[in-house]
Amino acid sequence: RAAQGRAYGNLGNTYYLLGNFGKAVKSHQERLEIAKEFGDKSAERRACSNLGNACVFLGEFAMAAEYYKRTLHLARLLKDKAIEAQACYSLGNTYTLLQDYEKAIEYHLKHLLIAQELADRIGEGRACWSLGNAYTALGNHEQAVHFAERHFDISKEIGDRS
Amino acid sequence: VQRMHLIQVDSVQRWMEDLRLMAECE
């Protein structure tokens with residue numbers, strides 16, 4: 001049963017990389033069930049991340065957000081800050097796709113705080129870029145320019161010309 | 001409005017490009 005779980009995970013990843021997102025979701029859902037049977041929280045977290053990603057490419061944004069929220073909960077349980085940051089970033093982007101900019105800002109700010117805590121300048125730059133865009137979408141140009149300037153400074157610092 | 005929409009999604013598009021190759025291994 002444990003090997004079956006791993007095989008479903010690998011199948012899900014392969015379908016995903018082949019662009020067959022429907023089959024990827026089915027495989028990762030099986031992987032998730034087996035992870036739960038074993039109480040394997042890391043595997044459960046991985047399955048939720050992979051499911052969220054596949055749902056994004058199926059255009060199932062609300063479902064993706066639910067899987068990413070489960071990922072976030074499990075990342076906190078596992079005390080994995082990097083995964084917690086990644087889940088917040090995914091949620092911020094997914095809420096942008098859902099055009100819920102207030103929620104997008106909420107998660108991008110959470111991502112920004114963790115990126116700062118982890119001294120992850122690339123992550124911080126991406127959070128500022130995303131926040132600038134979300135505030136622009138809301139018409140809050142003061143906050144938008146604030147984050148655009150921070151994004152600009154960080155990009156210069158890390159030598160990201162694009 | 002169209003231009004605003006494009007500006008608003010560029011960071012999301014970059015995220016999706018990275019996401020497309022992100023499969024967490026067993």
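In the text below, chain A, chain B and the rest are named by the order of the sequence lines, each starting its count at 1. As a basis for the values below, the full set of heavy atoms in this structure was taken, side chains included, without hydrogen atoms, waters or symmetry mates.
- At a 4.5 Å heavy-atom cutoff, the contact between A:Ser90 and chain B is made by backbone and side-chain atoms alike.
- A:Asn13 approaches B:Ala23 most closely through the heavy-atom pair OD1-CB, 3.4 Å.
- Hydrophobic clustering (ILVMFWY, side-chain heavy atoms < 4.5 Å, transitive): A:Leu58 and A:Phe61 are in one cluster.
- A 4.5 Å side-chain heavy-atom check between A:His28 and B:Glu24 finds every atom pair outside the cut-off.
- For A:Tyr8, no part sits under 4.5 Å from any heavy atom of chain B, backbone or side chain.
- For A:Leu77, the CG atom sits in a packed shell: over 12 heavy atoms of surrounding residues, nucleotides or ligands are nearer than 6.0 Å.
- Tracing side-chain contacts under 4.5 Å through hydrophobic residues (I, L, V, M, F, W, Y), one reaches A:Leu72 starting from A:Leu98; they form part of the same cluster.
- Here the closest non-hydrogen pair linking B:Ser11 and A:Asn133 is OG-ND2, 2.9 Å.
- Using a 4.5 Å heavy-atom threshold, the side chains of B:Leu21 and A:Tyr16 count as separate.
- Residue contact with chain B, scored on non-hydrogen atoms closer than 4.5 Å, involves the side chain of A:Asn50 exclusively.
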Exercise for the section: Would you please test A:Leu97 and B:Met16 for side chain to side chain contact (heavy atoms under 4.5 Å, CB included) and show each step? Expected result: CA-CA 11 Å; A:Leu97 289 166; B:Met16 286 177 75; 4.3 Å; yes
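- When the shell of 6.0 Å around NZ of A:Lys69 is examined, it contains more than 12 heavy atoms from other residues, nucleotides or ligands.
- Residues A:Asn93 and B:Val12 approach most closely at OD1-CG2, 3.6 Å, considering heavy atoms.
- The closest side-chain heavy-atom distance from B:Asp18 to A:Arg126 is below 4.5 Å.
- Taking the side chain as every heavy atom from C-beta outward, B:Arg14 and A:Trp129 approach each other to under 4.5 Å.
- Closest of all the heavy-atom pairs between B:Arg20 and A:Leu17 is NH2-O, 3.4 Å.
- Hydrophobic clustering (ILVMFWY, side-chain heavy atoms < 4.5 Å, transitive): A:Ile114 and A:Leu74 are in distinct clusters.
- Cluster membership check: A:Tyr67 does not share its hydrophobic cluster with A:Leu11, using side-chain heavy-atom separations under 4.5 Å among Ile, Leu, Val, Met, Phe, Trp and Tyr.
- Heavy-atom distances place the side chain of A:Phe57, and not its backbone, under 4.5 Å from chain B.
- Hydrophobic clustering, with ILVMFWY side chains joined whenever heavy atoms are under 4.5 angstrom apart, keeps A:Leu32 apart from A:Tyr15.
- Only the side chain of A:Ser49 comes within less than 4.5 Å of a heavy atom in chain B; its backbone stays farther off.
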